[in-house]
Amino acid sequence: MKIPLSLHIGVANLQAAYVSCVDSGEFGNWPAFFTHDCHYRIVPRENHERGLPLATIDLKGMGMLRDRVYGIQSTLFHAPYYQRHILGPTRIVSREGNLVCTETNYLVVRTKRDATSDVFNVGRYIDRIQMTNGSLLFQQKICVFDSEIIPNSLIYPI
């Protein structure tokens, strides 16, 4: 499978912009990375590999993403923290027409104010990216995390 360098660069830029948005706390801009009929899912590795339906977060469509943003910004109360993503290189698994399937390893470090930094979440993104009019958007982002337990709670997007 021959993939143009411009597509590799575009996908890498999409991933970098995505994690910059969530790490900067710009949650109001987070839905703009997705198609209208998107699917965003955070699921433990064990459930993903076994095909089990239970997910930690499972959002379908732009309305559910916007509702999550509203919850983060207006209704959820928690001890504030920062998060920082470290991404591995994105591997393009397949391309069919305007749909690109990719996998990217990630590590999220969480830093609570007046505390040390801790590894918060480790896993891989399994993404379907739609190419439309020169832009790339996530049609599906599945965050498969390796840990069996999420420490405390999951507030921000991974």
Side-chain angles (χ1 to χ4, degrees), residues 1-45 47-49 51 53-76 80-111 119-147 150 154-158:
M1 170 178 61
K2 187 174 179 178
I3 304 294
L5 180 59
S6 60
L7 181 57
H8 282 280
I9 292 169
V11 168
N13 286 339
L14 175 66
Q15 293 287 9
Y18 172 86
V19 298
S20 177
C21 175
V22 295
D23 288 351
S24 299
E26 298 173 7
F27 303 113
N29 296 328
W30 176 63
F33 288 92
F34 294 88
T35 62
H36 186 72
D37 62 342
C38 64
H39 189 189
Y40 177 79
R41 182 174 166 88
I42 301 175
V43 61
R45 181 180 187 161
N47 287 12
H48 178 75
E49 289 178 352
L54 186 62
T56 306
I57 292 179
D58 195 3
L59 307 175
K60 295 179 182 174
M62 187 61 64
M64 291 182 86
L65 266 64
R66 290 184 180 140
D67 186 60
R68 184 69 184 181
V69 169
Y70 176 77
I72 292 168
Q73 294 176 332
S74 303
T75 65
L76 297 176
Y81 65 90
Y82 306 105
Q83 69 180 23
R84 181 72 51 208
H85 283 73
I86 300 169
L87 300 180
T90 298
R91 181 173 71 93
I92 295 177
V93 176
S94 66
R95 177 183 176 190
E96 293 181 24
N98 290 334
L99 192 63
V100 180
C101 297
T102 67
E103 289 189 7
T104 308
N105 292 332
Y106 70 82
L107 171 109
V108 180
V109 176
R110 180 171 67 179
T111 305
V119 172
F120 177 64
N121 197 281
V122 177
R124 66 185 165 126
Y125 295 136
I126 301 172
D127 296 325
R128 282 198 321 238
I129 299 169
Q130 185 174 325
M131 300 183 298
T132 307
N133 300 325
S135 67
L136 301 173
L137 296 172
F138 294 110
Q139 182 184 65
Q140 175 178 279
K141 179 173 269 304
I142 301 175
C143 310
V144 180
F145 62 90
D146 294 333
S147 309
I150 294 176
L154 183 60
I155 306 293
Y156 305 144
I158 295 290

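No experiment lies behind these values; they were computed from the predicted model shown.
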Quiz item: Hey, what do you get for OG1 (Thr102) to CD1 (Ile3), rounding to the nearest 0.5 Å?
Solution: 11.0 Å
Quiz prompt | Thr35-Asp37 side chain donor-acceptor pair, cut-off 3.5 Å | solution = yes
Self-check item: Check: Tyr106 ring centre within less than 6.0 Å of Phe145 ring centre
Solution: no
Quiz prompt | Heavy atoms of other groups near Glu96 CD, more than 12 under 6.0 Å | solution = no
Quiz item: Do Arg110 and Gln83 have side-chain N/O donor and acceptor atoms under 3.5 Å apart?
Solution: no
Self-check item: Axial cation check for Tyr40 ring with Lys60, 6.0 Å and 45° limits
Solution: no
Exercise. Can you spot which of Thr111, Leu107, Ile158 makes a side chain to side chain contact (heavy atoms under 4.5 Å, CB included) with Phe120?
Key: Ile158
Exercise. Check Asp146 against Gly123 and note the closest heavy-atom contact, atom names and distance.
Key: OD2-CA, 4.0 Å
Practice problem: Mind telling me whether Phe27 and Tyr156 have parallel, tilted or perpendicular rings, with 30° and 60° as the class edges? | Solution: parallel
Practice problem: Report the residue from Asn13, Leu14, Val100 that forms a side chain to side chain contact (heavy atoms under 4.5 Å, CB included) with Leu136. | Solution: Leu14
Exercise. Go through the steps to decide whether Ile142 and Val43 satisfy the test side-chain contact (heavy atoms from CB on, under 4.5 Å), and finish with yes or no.
Key: CA-CA 7 Å; Ile142 301 175; Val43 61; 3.8 Å; yes
Quiz item: Within the side chain of Ser24, is there an N or O that forms a donor-acceptor pair under 3.5 Å with the backbone of Cys21?
Solution: no
Quiz item: Roughly how far, to the nearest 0.5 Å, is the SG atom of Cys101 from the CD1 atom of Ile92?
Solution: 10.5 Å
Quiz prompt | Nearest-0.5 Å distance, OH of residue Tyr18 to CG of residue Leu87 | solution = 10.0 Å
Self-check item: Inter-residue atom distance Ile129.CD1 - Thr90.OG1, 0.5 Å rounding
Solution: 7.0 Å
Practice problem: State the SG-CZ distance between Cys143 and Arg41, to the nearest 0.5 angstrom. | Solution: 10.5 Å
Self-check item: Centroid-centroid distance, Phe138 to Phe33, less than 6.0 Å
Solution: no
Quiz item: So, the side chain of Arg68 versus the backbone of Ile155: is there a donor-acceptor pair under 3.5 Å, distance only?
Solution: yes
Quiz item: To the nearest 0.5 Å, how far apart are NE2 in His39 and CG in Leu65?
Solution: 10.0 Å
Practice problem: I would like to know whether Glu103 and Asp127 meet side-chain contact (heavy atoms from CB on, under 4.5 Å); could you show each step before the answer? | Solution: CA-CA 6 Å; Glu103 289 189 7; Asp127 296 325; over 6 Å; no
